[in-house]
Structure formats: structure tokens, C-alpha cells
*Asks:* 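Structure below; questions to follow.
A note on names: the letters A, B, ... follow the listed sequences, proteins ahead of strands, and every chain is numbered from 1. Below, each value reflects all heavy atoms present in this structure, side chains not excepted, and no hydrogens, waters or symmetry copies.
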Protein chains: 2
Amino acid sequence: MPGPTLRDVAKRANVSIRTVSNVVNGYAPVSDELRVRVQAALDELDYRPNLIARNLKQGRTGMIALAVPELDVPYFAELVREVITAARAHGYVVMVDQTDGDLERERELLGRDSRATMFDGLLLSPLAISADELRGRGNRVPVVLLGEHIFNGSFHHVAIDNVAAAREATEHLLALGRRRVAAIGDQPYATGETAQLRTIGYRQAHARRGLDVDDRLVVPTPRFHRRLGAEAMERLLALPDPPDAVLCYNDLLALGAMRALTRAGRRIPDDIAVVGIDDIEEGQYSTPSLTTVAPDKAEIARRAVGVLLQSINGAAPQPAEIVVPHRLVVRESTAG
Amino acid sequence: MPGPTLRDVAKRANVSIRTVSNVVNGYAPVSDELRVRVQAALDELDYRPNLIARNLKQGRTGMIALAVPELDVPYFAELVREVITAARAHGYVVMVDQTDGDLERERELLGRDSRATMFDGLLLSPLAISADELRGRGNRVPVVLLGEHIFNGSFHHVAIDNVAAAREATEHLLALGRRRVAAIGDQPYATGETAQLRTIGYRQAHARRGLDVDDRLVVPTPRFHRRLGAEAMERLLALPDPPDAVLCYNDLLALGAMRALTRAGRRIPDDIAVVGIDDIEEGQYSTPSLTTVAPDKAEIARRAVGVLLQSINGAAPQPAEIVVPHRLVVRESTAG
DNA sequence: CATGATGTCTGCATCGTTGCAGAGCCCTCA
DNA sequence: TGAGGGCTCTGCAACGATGCAGACATCATG
């Protein structure tokens, strides 16, 4: 069922293809008489422009690709939503892909046979791919990185100040008088740069008060999921001298940790206070509700889309680290 | 930075454009000698096929569109994930859009100026648009409907058996000995058909046991969000004779309801048992964990993508109601 | 040696649209 | 009257790829 083309409409209205095109696009001077006649033909045939052809001619598609590790991780779902909204404001639509944090999938996005040529630009939230490899690939389309990873100056990169975020969250716990503050989510290996930044912030907060960090309280997790947060918490509870507060490197870890605490009969925040990072909606409705560091997700999306579109339009400033604001949201899990 | 084209490669390798195309696609007989020479040229220039051009020629894009009301509603996020996975298995990618359950946005997807011509098919989870309007639009591309709404035979439609799902959940509560079972989430108006089906199931369960339904226990909500679930629960608690169990029409409502119950000092499930529908991951980690009806989301995605691709390939069977299995998952919120 | 079958390779047309240059036409003004 | 300028409208070429038909060379066969 291929729809009617400009040619069909032109034949019916007895005008040139070009004139129909002009009517469709509101271009150029077209006499009222013809305009009416052509419009009638358009309506009768229910003409819809073939965007593929238009794109081929114009060299752009009006689509950007957005690749995140996991769509059903609430933080990413909320981010995707904001990106779609931001892109929409500029007349762009978004092709969403998930990489599962899988190196191969991330490579595919940039590789020879990818569908990348269908998109005017790529927003990538990388987990596995290395900076060098990213740079090495002769990308045809502009790329903007989201959140994870630091890519010293080769790419535009949008994120919050992770060191400050973790530091402020930790300071909040210390200010409550807690003295054994644990950290869940460190990733002391190549691709865990975001986690490492948060660990730095966590240590800074201690250092500023002249406090030592008990390294047994820093529990690494390979990913940021509820189950891993619960397991990490169980390990912490098994210590001879368990923590009285915990900074989780994202809200899912925190929710998992709270689940483990409740199951173990610990009271939150009385026995142990919990802080997360991300401010996912779920944290407002958990029991207890979750204190967290809220990145300005809408702003992340706006900035990322904005700089990507600038690059697409050739008005690209130098690749820059774009830092988006965040703020601490105090709820029941530390409001004891 | 427009990349090299077949023409550029052909010139460099001193062969015809057509031969380069053959090498790229592995088509036709090409002598080893030429193959090697062309491949070298391809590599040197780092050629990537222009998919837009290819699509124009072939009349298909390898992309489908998926429109859901809200991406950050966990059920939809999980569904989107499965759809992307299912489409990927067939070599398709997915453009995701969110309608916010807004009539205009749903219309846009089908309307004249939509980007619909860029996609080979559309998976739509409609909230606002009416059956008549959907049918009236001369759609260029195949459409498959997900979840919401019943469209008597005009479209392929994939969903669980909502009546049975609600009935089984209610029977589970009644089997526990609960006798004042409330229902949160009815939508007694045109576009709330899924909710209405669930209400039917809820009533059937009562009828089968010869029990009457106290209509004050059936609380409508315009949407399926945590906050609305909490508010509905508060209203139920204010009744002179509050319920001892509640069926929520999705898990978000249930999580909101549980939040309200906890805040009000009620014990779950001792004072009141709670059941949801959707089986979102969050329900496994809530306190208490949530009993729910689990639709087979992966199967929904597979069936929907499967029938959509069949339609795209012209091998379209008659529009059909495709019913996907579900099962009751009992967790702490009713396991008292 | 003529014939035809096979195997390689090429050029032209085409997908549906838009950019560009220019063809008519009418009007104005010297 | 005729040169010049606007206004409409048209046809051709092009975007980058693939389908098709056919050209050419090679080879086996009778």
C-alpha cells in the first residue's frame, strides 16, 4: 500500500510536481487558484510526504539516537522521558536503544553496520566502552555522552558533579551525628569512573571533618541494582561493628539496602540512616521515603540535546564538560 | 562531513558503482581479485552505507515506532525493554515516543505530518484515542495495539485476559477469608476499558461466591499512579467500615496504597491485604513485597512485534485479539 | 569452428523529494 | 512600443543506493 506521491497529486491537479511540492511546503509564490486546486487534490488522495525521500535529499533525518544501559532502570527511564521531551521541543524524535552495558552493543552503535547513518546524532550513556575506543572510531555523526565516564575533552559530556554530590550526601549523614557511615556501590576498575568519583566525594566529606574511613565499610557492587544493594547491606550488617548510616551510589541500591534492613528488623533511620543518589520517583513512596541527591534530569536532557543539535548544525562549540546542578532532598530515611 | 559514497569507493578501486554495491552486500559473483581490491578501497575510505538511500530504494526502513503513555511508568519501561529486544531479534530498531495519554499526541502519530512514513509499522498503547477515530484514519503503515482498549476486530490487539486477571486476584483475597475487598482504579468512562474489564473480573469473583459488592469499596482513579493509589486508600480508610483487603488495578496504585497504609499505622497483610497487577520489579523490593498478577511481558512484546512484522511483510493474518498468559505471584502483602 | 552456457562486470533507470535555473506572462514606465 | 522587472510555474538534475538487462570474456561441447 504505497501511498500517493507528489507525482500522483500533480497529475490529478494538472500541475507540475514542483508546484505541488511548493504547496505542501508553503514555499514560494503560488497563485490562490492553483493553491486551492492542488490542496483539493492533496486532500482527495490523502497525500503524505515520504520522509525518507525528503531526508535523502536534505541529508538529515530529524532523528537522534539515545542509547542507555537499561531502560527499566528507573533513572534511565526518567532520563529517556526528559530527552524525548527535550528533543520534541526542537522537532526531533528519538530512537531509543539499550546496550545492557554490553561492550559489543555499545560498539555496534558506532560500528560500520550500525544504523547510525539514519540518525543526525547520538546520545550515549556508556558503561563498557573505553575512551580510546570511542575516540578511535571515525564517527560520522556527532556524539554527546551522558553521565558515566570521563572523556578528557574529546566529547561533549553532560553530568552532575559526582564528587560534590557524594560529598554533600555524606556530610549530611555526618552532620546528623552518624560516625560509621558506609558506602555501597564503589567500582574500583576501569569503567567504574562515576562510582569512583562518588567514592572520592565520600572520602572528602570524612577528610574535611578529620575523620578516618573504615575501608570495610566501602562495599563495591558490579552494577547498581536493588538486589546488589540488599546483598551489600547484609554483608555490612554482618560486621562486628555495623554502620549507623549508609551512602548508596544510587537509589536502587538504597532501596535494596532498605529492604534488607527492614527484613533484618533494623529501624530506619533510628538504627541506620540511608541516602541514595538519583531521586527516582519510587524513593518518594518507599517506606520510609528515601533521602537522595537529585540531579536536574530535565536540565541534563535539555543541555545534552541542545549541544547535540548545535553539533549537528555545525554550530558546535568545543567539546565541553557540562555540569548540571543537583540538590540534596531530605526525606524520612535520614530525618530521624 | 558527509561520508564517502559508493561512487567514491568505485572511483578509487577503479570499478563500477554496481560492483562495489555487490561487494558491500555480498551479492552476486565477484571475482576474488576485484573483491579484494574493492574491500581495500572500502576500508581505506571507511565506507558506511547510507541507509536512508537504501531505504528509499527498498521502501522500508527497518524501524518500527512504539508509543506508550509514559516511559517512566515502570510497567511501560519494562515493556519497552522487551519490545526493543524482540524487535532486535528480527533486525529491527525501535523509535520510542510517549503520548502522556494525550489525545493530540496520539493523533499526531497517525496524522498527516507525523513521521509515520519513516516507520514500517506502529505499536501503539492507546489511552485517549477512540476506536472510531483510529479506524477512520487511513493509516499507511500497519498498526498493532497493546494493552489498553478493545477494538472489535479492526486491529491486531495484544493483551492479557483482564477479566480473568482481576477475578483471580480477587479470588485469592477471598480465599484468604477476607470479606471486605476493595478495588482501586476503576475508570467508568469511554477510554477506561481496561479498568472496566478489571472491575468486571472483581465482581465476577464476588458473584461466584454469592457475595455482594459494597460499591463504596470501588474507588475510581483517573490514572494509575502512586499518589492516586495513596489518596484512594486514605479515602477507604476513612470509611466507617474500612476494607480488609484491596485489589489495585496496577502495581503503582498498590505501592501508593501500601504507603498510605503504613503511614496510617495499618499492618500489611494482617490488617489489610494488598494485590496489584503488572508485576513490576519494584514490587519485589517493597516493604512488604507485593502480591501481583504477572503478565508475560516478554511474550506480549514477542507476539506484538511478530504480528506487526507479519503485517509489514504482507503475510498478515486477519486482525486478531491475541491473549497472552498471566499468573498470580503471591508475596508478602497477602501472605499473612 | 560455431554454438551456447556460464561467469563477471557495467550502465541505465528508478525510489520520491527538493534545489536550481529559466521560461512565460503581465505589468510598468520611459 | 519595447525594455525591464515581478510574479508564477516548470523541467531537469541530484541525493545514494539497488533492480534489471545486457555486454563481454571465457569455456565446454558437438
Side-chain angles (χ1 to χ4, degrees), chain A residues 1-39 41-42 45-62 112-120 140-141, chain B residues 1-39 41-42 45-63 112-113 115-120 140-141:
Chain A
M1 60 178 101
T5 68
L6 283 184
R7 177 207 216 75
D8 301 322
V9 179
K11 203 174 300 175
R12 184 181 193 97
N14 231 336
V15 296
S16 74
I17 293 183
R18 192 59 247 228
T19 297
V20 180
S21 171
N22 284 336
V23 172
V24 169
N25 294 298
Y27 279 172
V30 178
S31 66
D32 286 348
E33 188 213 329
L34 268 204
R35 185 178 301 281
V36 168
R37 201 162 90 216
V38 169
Q39 190 58 54
L42 285 170
L45 294 179
D46 190 24
Y47 169 82
R48 320 259 181 115
N50 180 323
L51 297 181
I52 318 243
R54 182 179 286 176
N55 292 337
L56 172 60
K57 188 67 186 156
Q58 302 188 330
R60 14 151 88 236
T61 61
R112 167 156 303 175
D113 293 321
S114 89
R115 257 168 248 262
T117 51
M118 296 250 275
F119 308 105
D120 297 341
R140 287 277 178 283
V141 299
Chain B
M1 59 177 107
T5 69
L6 283 185
R7 177 207 216 76
D8 301 322
V9 179
K11 202 174 301 175
R12 184 182 193 97
N14 230 338
V15 295
S16 75
I17 293 184
R18 193 58 248 227
T19 297
V20 180
S21 171
N22 285 336
V23 172
V24 169
N25 294 297
Y27 281 172
V30 178
S31 66
D32 286 348
E33 187 215 330
L34 268 204
R35 186 178 301 283
V36 168
R37 200 163 87 215
V38 169
Q39 190 58 55
L42 285 170
L45 294 179
D46 191 23
Y47 170 81
R48 320 262 180 112
N50 180 322
L51 297 181
I52 317 242
R54 182 179 285 174
N55 292 337
L56 173 59
K57 187 67 186 152
Q58 302 188 330
R60 11 149 86 239
T61 60
M63 301 194 296
R112 168 157 300 174
D113 293 321
R115 256 168 249 261
T117 51
M118 297 250 277
F119 307 106
D120 297 342
R140 287 280 178 282
V141 298

*Asks:* Evaluate the criterion side-chain contact (heavy atoms from CB on, under 4.5 Å) for residue pair B/M118 and A/N55; output intermediate values, then yes/no.
*Replies:* CA-CA 10 Å; B/M118 297 250 277; A/N55 292 337; 3.0 Å; yes
*Asks:* Any idea which heavy atoms bring A/V38 and A/V9 closest together, and the distance?
*Replies:*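 That closest heavy-atom pairing would be O-CG1, 4.4 Å.
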*Asks:* Heavy atoms under 4.0 Å, any strand shown: does A/L34 hit a base, just sugar-phosphate, or nothing?
*Replies:*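 Counting heavy atoms under 4.0 Å across all strands, the contact made by A/L34 is with sugar-phosphate only.
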*Asks:* How close or far is atom C1' of D/dC9 from atom CZ of A/R35, stated in whole angstroms?
*Replies:*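 Those two atoms, CZ and C1', are 13 Å apart.
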*Asks:* Please round to the nearest 0.5 Å and tell me the distance separating atom NZ of B/K57 and atom CG of A/L56.
*Replies:*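 Answer for the NZ-CG pair, B/K57 versus A/L56, is 12.0 Å.
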*Asks:* Send over the distance from A/R54 CZ to D/dG16 P, rounded to a whole Å.
*Replies:*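 My rounded result for the distance is 18 Å.
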*Asks:* Can you check the A/I52 CD1 to C/dT14 C1' distance for me, whole Å?
*Replies:*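 Answer to the nearest Å: 16 Å.
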*Asks:* Please enumerate all residues that pass side chain to side chain donor-acceptor pair (under 3.5 Å) together with B/D120, with sequence neighbours excluded.
*Replies:*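 Side chain to side chain donor-acceptor pair (under 3.5 Å) list for B/D120, sorted by chain: B/T61, B/Y92.
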*Asks:* At a heavy-atom distance below 4.0 Å, what parts of residues 6-18 of chain B sit against DNA chain C?
*Replies:*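 Nucleic-acid contacts, sorted: B/V15, B/S16, B/R18.
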*Asks:* Quick one: B/L45 CG to D/dG16 C1', roughly how many Å, whole number?
*Replies:*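 So the CG-C1' distance, B/L45 to D/dG16, works out to 15 Å.
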*Asks:* Between P on D/dG16 and CG on B/L51, what's the gap in Å once rounded to a whole number?
*Replies:*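 Interatomic distance, CG of B/L51 to P of D/dG16: 13 Å.
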*Asks:* Would you mind telling me which residue lines up with the more 5' stretch of DNA chain C, B/T19 or B/A53, judged by nearest nucleotide?
*Replies:*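 It is B/T19, whose closest nucleotide lies nearer the 5' terminus.
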*Asks:* By salt bridge (Lys or Arg N to Asp or Glu O under 4.0 Å), which residues pair with B/R54, not counting sequence neighbours?
*Replies:*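 With neighbours one apart ignored, the set is empty.
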*Asks:* Given D/dA17, is OP1 or OP2 found less than 4.0 Å from the side-chain N or O atoms of B/S21?
*Replies:*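 Result: no.
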*Asks:* Within the pair B/N55 and D/dA17, is there a side-chain N or O less than 4.0 Å away from OP1 or OP2?
*Replies:*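 So the side-chain polar atoms of B/N55 never come under 4.0 Å of the phosphate oxygens OP1 or OP2 of D/dA17.
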*Asks:* With B/I17, which residues qualify under side-chain contact (heavy atoms from CB on, under 4.5 Å), at least two apart?
*Replies:*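 Once residues adjacent in sequence are excluded, the partners of B/I17 under the side-chain contact (heavy atoms from CB on, under 4.5 Å) criterion are B/L6, B/R7, B/A10.
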*Asks:* To the nearest angstrom, how far is B/N22 atom CG from C/dT8 atom C1'?
*Replies:*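 So the two atoms are 10 Å apart, to the nearest Å.
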*Asks:* With B/R35, which residues qualify under side chain to side chain donor-acceptor pair (under 3.5 Å), at least two apart?
*Replies:*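 So B/R35 forms no side chain to side chain donor-acceptor pair (under 3.5 Å) with any residue.
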*Asks:* Under 4.0 Å between a side-chain N or O of B/N25 and OP1 or OP2 of D/dT18?
*Replies:*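 Checking B/N25 against D/dT18: at least one side-chain N or O falls below 4.0 Å of OP1 or OP2.
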*Asks:* How long is the gap from CG on A/N22 to OG on A/S16, to the nearest 0.5 Å?
*Replies:*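 These two atoms lie 7.5 Å from each other.
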*Asks:* Between the axis at one end of the helix from C/dC1-D/dG30 to C/dA30-D/dT1 and the axis at the other (five pairs apiece), what's the angle to 10 degrees?
*Replies:*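 What I find for the helix from C/dC1-D/dG30 to C/dA30-D/dT1 is an axis angle of 60°.
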*Asks:* Who pairs with B/D8 by side-chain contact (heavy atoms from CB on, under 4.5 Å), at least two apart in sequence or on another chain?
*Replies:*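 Scan of B/D8 (side-chain contact (heavy atoms from CB on, under 4.5 Å), adjacent residues dropped) gives B/P4, B/T5, B/L45.
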*Asks:* From A/L51 CG over to B/I52 CD1, what is the distance, rounded to the nearest 0.5 angstrom?
*Replies:*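 If we round to the nearest 0.5 Å, A/L51:CG and B/I52:CD1 are 10.5 Å apart.
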*Asks:* Does any pair with a residue in residues 12-29 of chain B pass salt bridge (Lys or Arg N to Asp or Glu O under 4.0 Å), and if so which ones, sequence neighbours excluded?
*Replies:*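 Found B/R12-B/E44.
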*Asks:* Below 3.5 Å between N/O atoms, which protein atoms pair up with nucleotides 22-25 of chain C? Just atom names and distances, please.
*Replies:*
none

*Asks:* Quick check for you: among C/dG16, D/dT18, D/dG16, whose closest atom lies nearest to any side-chain atom of A/K57?
*Replies:*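 The answer is C/dG16.
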